[in-house]
Amino acid sequence: MKNNEVAQALNEMAVLLEIQGKDKFKPKAYSRAARSIASLGEDIEAIASRGELTEIPGVGKALAEKIDALLKTGSISQLEELRKEIPVNVRELDAIPGVGPMTMKLLYESLGITDLESLEKAVKEGKLTGLKGIRQKTVNQIVEGIQLVRAGLGRTLLANAFPVAQSIESALKHIKSVRQINVAGSFRRRKETIGDIDILVDATDGEKVMEAFVHLEGVTDVLAHGPTKSSVRLSTGLQLDVRVLPPESYGAGLQYFTGSIDHNVHVRTIAQKQGLRLSEYGLFKGEEQVAGKEEGDIYKALGLDYIEPELREDKGEIEAAQRHELPNLVSLAQIRGDLHTHTNKSDGANSIEEMLDVAASKRYEYYCISDHTKSLTIAGGMTEEQILDAIDEIDGINSSGRWKLKVLKGAEVDILANGELDISDDVLERLDVVTASVHTKMKDTKEAITDRVCAALQNRHVDILGHPTGRLLLKRSEYEVDLERIFETARAAGVTMELNSHPERLDLNDGNLRAAKRYGLKIAINTDAHRVGELHNMQFGVFQARRGWLEPIDVINTYPLKELLKLFRK
DNA sequence: GCCGTTTTCGGCCCGACTGTTTTCAGTCG
């Protein structure tokens, strides 16, 4: 069972409990736990098998038992009972923007509406108007909401949000009264996918900014339009929220609009306990503002070390900040090379020379060419002979001195279905860096894939395991694989895990990275670039590494060449 | 239902916007 399925079940319970209306806080506890599990990034079944469910923030004894039951039997008895009592299809109706538990309750109790279909029917028959608190505008909202659900409200890859954020930012910057502008929210936390873009503006004339904002090019819907806060939807479906705050509150606003909801609740609770009140307007003692102009002052005033945006998920960073034990996160400037790249010798678009020109412009100290190998015929994988030729060519390049960086000889070798590699050992022997990857039979059973990968890791020439879970964000989920067993095997075999920086992969994910670090593994942040432009994807890998709490010591391509090569000499 | 250096009981973040009201409930982030 996947984390998302568990999260959905708990979220459904939260909504049903809220409809039931017996307890005000129980639903909050359930939805908190649901959010927490949805963003775990580590297989919940693995956590459950270790008996560590209660270590998940927001999961206590009672919820751990329910999750265990769900994982073992496929259902939670309390959820089944709630469904009988309130037969509303929460998953369908909850997806409609503007429709929450109270609306669902009203629709169900007065009209017997239980799902999208019956809601649509009731709307068509004009039955909604006249219900308590519902008139034409609300009906219109619901109609539009249903259309959106049918169209599929999607998330966007972080990389795809970048150009949008930049163009909005520069459009708003041109307004006269705008002094500062920042993109906050999950974008600033560098989540791998984002649901909307939150923009914070410091301006004297908020209404003017709002006016310009709702009339931006590409805006198809204005969802809200107030004096300090507005929301719009673009033709691409992406939602943008903008908020204006005065300069004395700007730091507090940045703090508030960057943190995840759980991070914010946690920080505000800490403020409360110190007799303070924290909002986007600042940190207050009574009427007096203690902090607010600068974001860092908020944390400082609460006795916390500054927490980097990528960590603000309430996954232990606040406790670490209290203990002054936050990690010194790896940064892009510390990256000395790229260890997984392709050329037109297999399925890349550019020549070695073209790739090296761009790599050199990044002032890399080393750079590894690692084209596909022969069994991946669709990618024009190289035979042993071709690899040997490439080795000679790279030797020539290195001795030519044309580029300052050291070119490393590598290959992205295929892990065959039986766990063997598709290139003979005597050729692998001559390579500097061997990355082994799974590209085929990805729908095999968990045991089969795990066995296969573990077998490959035993080959003493393997240095790095490429994109360890094989997922493609928003397209294909990770293949079934027991990462814990792979981590253990990799540690014993001295194999490094890849963090593939391609915006669609970002594989390993943040939770996996933290787990890998716990296992004592090292990480290589690689672009897997197939064309020169993709060499710039390194930044996305670094973002992900930071979300995974990685420090330079954890990331082998921050090491100087000598130390790196020592690592690969087994 | 969770959680804890004020607490193992008694709290549980805070504010904007909308649509419906005529002071507020619901939703959202």
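Every chain is numbered from 1 and lettered A, B, ... according to where its sequence line falls, protein lines coming before strand lines.
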Contact under 4.0 Å: A/Lys61 side-chain N or O vs B/dC3 OP1/OP2: no
Nearest-angstrom distance from the residue atom CG of A/Leu240 to P of B/dC28: 18 Å
Carboxylate-amine/guanidinium contact A/Glu313 A/Lys315, below 4.0 Å: no
Residue A/Glu217 excluded, over 12 heavy atoms near CD under 6.0 Å: no
Note: A/Arg188-A/Glu295 ion pair, threshold 4.0 Å (strictly below): yes
Nucleotide B/dC2, atom P - distance to CD of A/Glu65 in whole Å: 9 Å
Rounded distance in Å between the P positions of B/dT21 and B/dT27: 16 Å
Sugar-phosphate only, base, or nothing, as touched by A/Val267 at under 4.0 Å among non-hydrogen atoms: nothing
C1'-based separation of B/dA16 from B/dG11 [nearest Å]: 26 Å
P spacing across the pair B/dC28 / B/dT22, given as an integer number of angstrom: 24 Å
N-O pairing of A/Asp482 and A/Lys446 below 4.0 Å: no
Rounded distance in Å between the C1' positions of B/dT8 and B/dG4: 8 Å
For atom CD of A/Gln239 and atom P of B/dT27, their distance in whole Å: 16 Å
Whole-Å gap separating P (B/dA25) and NZ (A/Lys24): 11 Å
Pairwise P distance for B/dG15 and B/dT20, with rounding to whole Å: 26 Å
Distance, C1' atom - from B/dC13 to B/dG29, rounded to whole angstrom: 12 Å
All salt bridge (charged side-chain N to carboxylate O under 4.0 Å, His left out) counterparts of A/Asp510, not counting sequence neighbours: A/Arg547
Separation between the C1' atoms of B/dT7 and B/dC12, rounded to whole Å: 13 Å
Rounded distance (Å) that lies between atom C1' of B/dG1 and atom CE of A/Met13: 10 Å
DNA chain B: 5'-proximal contact among A/Pro57 and A/Met104 (nearest heavy atom): A/Pro57
Touch class at under 4.0 angstrom, heavy-atom based, for A/Ser231 against every strand present: nothing
Worked check of side-chain hydrogen bond (donor to acceptor under 3.5 Å, both in side chains) between A/Gln272 and A/Arg277: CA-CA 6 Å; A/Gln272 248 185 354; A/Arg277 183 174 51 85; over 6 Å; no
Distance, rounded to the nearest Å, where A/Leu106 contributes CG and B/dC24 contributes P: 20 Å
Atom-pair distance (CG on A/Asp196; P on B/dT27), nearest Å: 19 Å
Touch class at under 4.0 angstrom, heavy-atom based, for A/Lys66 against every strand present: sugar-phosphate
B/dT7 glycosidic torsion: syn (within 90° of 0) vs anti: syn
salt_bridge(A/Glu280, A/Arg268) N-O dist < 4.0 Å: yes
Partner residues of A/Asp305 under the salt bridge (charged side-chain N to carboxylate O under 4.0 Å, His left out) criterion, sequence neighbours left out: none
Distance, rounded to the nearest Å, where A/Gln255 contributes CD and B/dG29 contributes P: 18 Å
Point-to-point distance, once rounded to the nearest 0.5 Å, from CD of A/Glu12 to CD1 of A/Ile76: 9.5 Å
Per-nucleotide protein contact string for nucleotides 13-19 of chain B (B base, S sugar-phosphate only, - none; heavy atom under 4.0 Å): BBBSSSS
Of A/Lys132 and A/Ile96, the one whose closest DNA chain B nucleotide lies more 5': A/Lys132
For B/dT8, the Watson-Crick or wobble counterpart (both distances under 3.5 Å): none
Inter-nucleotide C1' distance (B/dG1, B/dT5), Å rounded: 23 Å
